[in-house]
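Starting from 1, each residue takes its place in the sequence as its number. Atoms within each ligand, like the ligands themselves, are counted from 1 in listed order.
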Amino acid sequence: MFITDDVKYVGVNDHEIDLFEGQYDVPNGMAYNSYVVLDNKIAVFDSVDARFGEEWLGNIRGVIGKKAPYYLIVQHMEPDHSANIVNFMTAYPKATIVSSKQAFVMMNQYFGTDFADRRIIVKDGDTLSLGKHNLTFIGAPMVHWPEVTMTYDSTDKILFSADAFGKFGALDVNEDWACEARRYYFGIVGKYGVQVQNLLKKAAVLDIKTICPLHGPVLTDNLGYYINLYDIWSSYGVESEGVVIAYTSVYGHTKKAVELLAKKLKENGCPKVSVTDLARDDMAEAVEDAFRYGKIVLATTTYNGDIFPFMREFITHLTEHNFQNRTVAFIENGSWSPWATKVMMGMLEGCKNLTFAENNVRILSALNAESTAKIEKLAAELCK
Ligand code: FEO
C-alpha cells in the first residue's frame, strides 16, 4: 500500500487473535501497522506482534528488495509492536534502532539487550534526517505507555501517531472508524486524557496531511473529524446526547425495571437510550457508551453484602479510566437490606464532577406501584 511516493505500508492483519491485550474481544481482528520510508537512509517504523515476524519481514523485503533499512524507529514497546525487534536486527545486522531512553530500558527487560552499540536515543524535539525526509520526534508519555515517542515527517506532512488514532479491527474489514476507535480509546488509552490533551496541543502546531497510527487505517481525509473526537474523548466531554442504562439482573426483576425505564425515557423524548446487560454484553462496549453519553443509570442487586460482581467490575473500569462530568442515577434491588446504591455511590466517590439524580429507585424484590412511580419520575428527571 502506497501512503505517499516514499512511504509504504508493511503491516499485517491478525484474524487469529481471540482477545487483544488479553481482554478485548476483536470480532474483526486486529492490524499491527508498520511503515517504510524510502530515502537515502531507509527507515522502518515499528515491528509487529510475535506471530507475524516472517510475514512482516517479507512485506519489508517486498518494498525494499535487497536494500537494507538504516533505521528501525521504535515508537512504542508494547509487544504488539515490539515483539519482532530482535528478528529485525538479526535480519539487518547493520541497522540502528532509534527510540526513547525508556524504550531501551524496556528492550533490555524484554530481550536481555538494550542494543548499546546499535542505537540512537531520541527525546522530544530531536530531529533526524533520512536524506529528503526530515523527522521530528514527539514525546508522548502515557499515550499509551511512558516510553512512547511519535514522529512527524515534515517532508510528507505525516504524523506517525503510535497507538493514538488507532482502532480495533483488521484492515481488510471495512467498518466504521469511530465505533471501534472509541471502544479502543476508552479501553486502552482512556485513563490518560491529560496526556492525550498534551499531545493534541503539540500536534495543533504541525501541518498534518496524513496520520499513520499503529492500528487501524491510515487517516488522510477530514483529519479535523478524528482530532475533534480525540479532543472530546480526552477531555471527558459528552460526545452524544442520551442515557446509558447498565444493569445486572439475576431473576429478571431488575431487567423489567430497566426495560420500563428505557420505555419511559423514549416516551419523554430522550434522543438515545442505550441498554447494556453487563453479564452478557461486551464490557468494553458498555465502558465506551458510559464515556460517550452524558447520563448513566446503574441498576443492580444487593449481593453477598455488596453488589452483583459484573456491576462491581464495570464501575471499577469507569473509575480506573477517570470517569467524570456525568449525571448518574441508580436503581437498586434487594429482598432484604438493599444497599446497592450506597455501595455504587461509594465506588464513585473519587470521580470528578458527577451529578447524582434525585429520583433513585429502590426495588424490593419486584416492581410494585411505588417503584414503578419512581421509575417514571426518574425518566422525567433524566429528560429535563
Ligand atoms: Fe498497540 Fe499500546 O500497544
Side-chain angles (χ1 to χ4, degrees), residues 9-35 44-53 55-56 59 72-88 97 99-100 102-107 109-111 137-151 159-171 173 177 180-196 198-200 203 211-219 226 230 233-234 284 287-288 317 320-322:
Y9 182 85
V10 290
V12 298
N13 287 318
D14 182 359
H15 286 288
E16 297 161 12
I17 189 165
D18 61 342
L19 293 175
F20 180 67
E21 288 193 0
Q23 62 171 316
Y24 298 103
D25 197 20
V26 281
N28 288 333
M30 205 62 207
Y32 313 111
N33 296 343
S34 172
Y35 306 92
V44 175
F45 278 87
D46 294 289
S47 84
V48 298
D49 186 85
R51 292 167 291 123
F52 298 90
E55 183 180 344
W56 173 60
N59 289 350
L72 174 64
I73 297 173
V74 174
Q75 301 187 113
H76 184 18
M77 274 303 293
E78 196 164 8
D80 51 333
H81 311 292
S82 68
N84 279 289
I85 289 174
V86 172
N87 286 337
F88 180 95
I97 300 177
S99 196
S100 67
Q102 195 160 5
F104 285 109
V105 172
M106 291 182 182
M107 283 180 223
Q109 292 168 183
Y110 278 113
F111 314 131
F137 298 100
I138 302 165
M142 301 320 295
V143 188
H144 133 237
W145 277 13
E147 85 298 357
V148 170
T149 303
M150 300 183 189
T151 312
L159 177 67
F160 294 93
S161 63
D163 275 342
F165 300 100
K167 66 181 272 297
F168 296 127
L171 296 193
V173 176
W177 182 86
E180 284 297 69
R182 188 188 300 105
R183 190 167 71 96
Y184 174 91
Y185 176 86
F186 283 111
I188 290 170
V189 194
K191 178 180 172 67
Y192 305 110
V194 170
Q195 290 85 349
V196 175
N198 289 340
L199 167 71
L200 292 177
I211 297 175
C212 289
L214 289 179
H215 303 288
V218 171
L219 306 175
Y226 306 103
Y230 253 61
W233 297 344
S234 57
V287 171
E288 168 195 352
H317 282 298
E320 275 179 352
H321 290 80
N322 276 330

*Relative to atom 1 (Fe) of ligand 1, which of the N, O or S atoms in D80 is the closest?*
OD2
*asked:* Need the atom name: nearest N/O/S atom of E78 to atom 2 (Fe) of ligand 1.
replied: OE1
*Okay, side chain of N33, backbone of Y9: is any donor-acceptor separation there less than 3.5 Å?*
no
*Measure the acute angle between the ring planes of H144 and H76, then classify it against the limits of 30° and 60° as parallel, tilted or perpendicular.*
perpendicular
*Report the distance from atom CD of Q75 to atom CG of L214, rounding to the nearest 0.5 Å.*
5.5 Å
*Within H76, is some N, O or S atom less than 2.8 Å away from atom 2 (Fe) of ligand 1?*
yes
_Before moving on, can you tell me the angle at atom 2 (Fe) of ligand 1 between the OD2 atom of D163 and the ND1 atom of H144, to the nearest 10 degrees?_
90°
_Within 2.8 Å of atom 1 (Fe) of ligand 1, is there any N, O or S atom belonging to H215?_
yes
*Between F52 and Y32, how do the two ring planes meet: parallel, tilted or perpendicular, split at 30° and 60°?*
tilted
*Steps toward ring-ring contact (aromatic ring centres under 6.0 Å, His included) verdict (Y184, Y24)*: CA-CA 9 Å; Y184 174 91; Y24 298 103; 8.1 Å; no
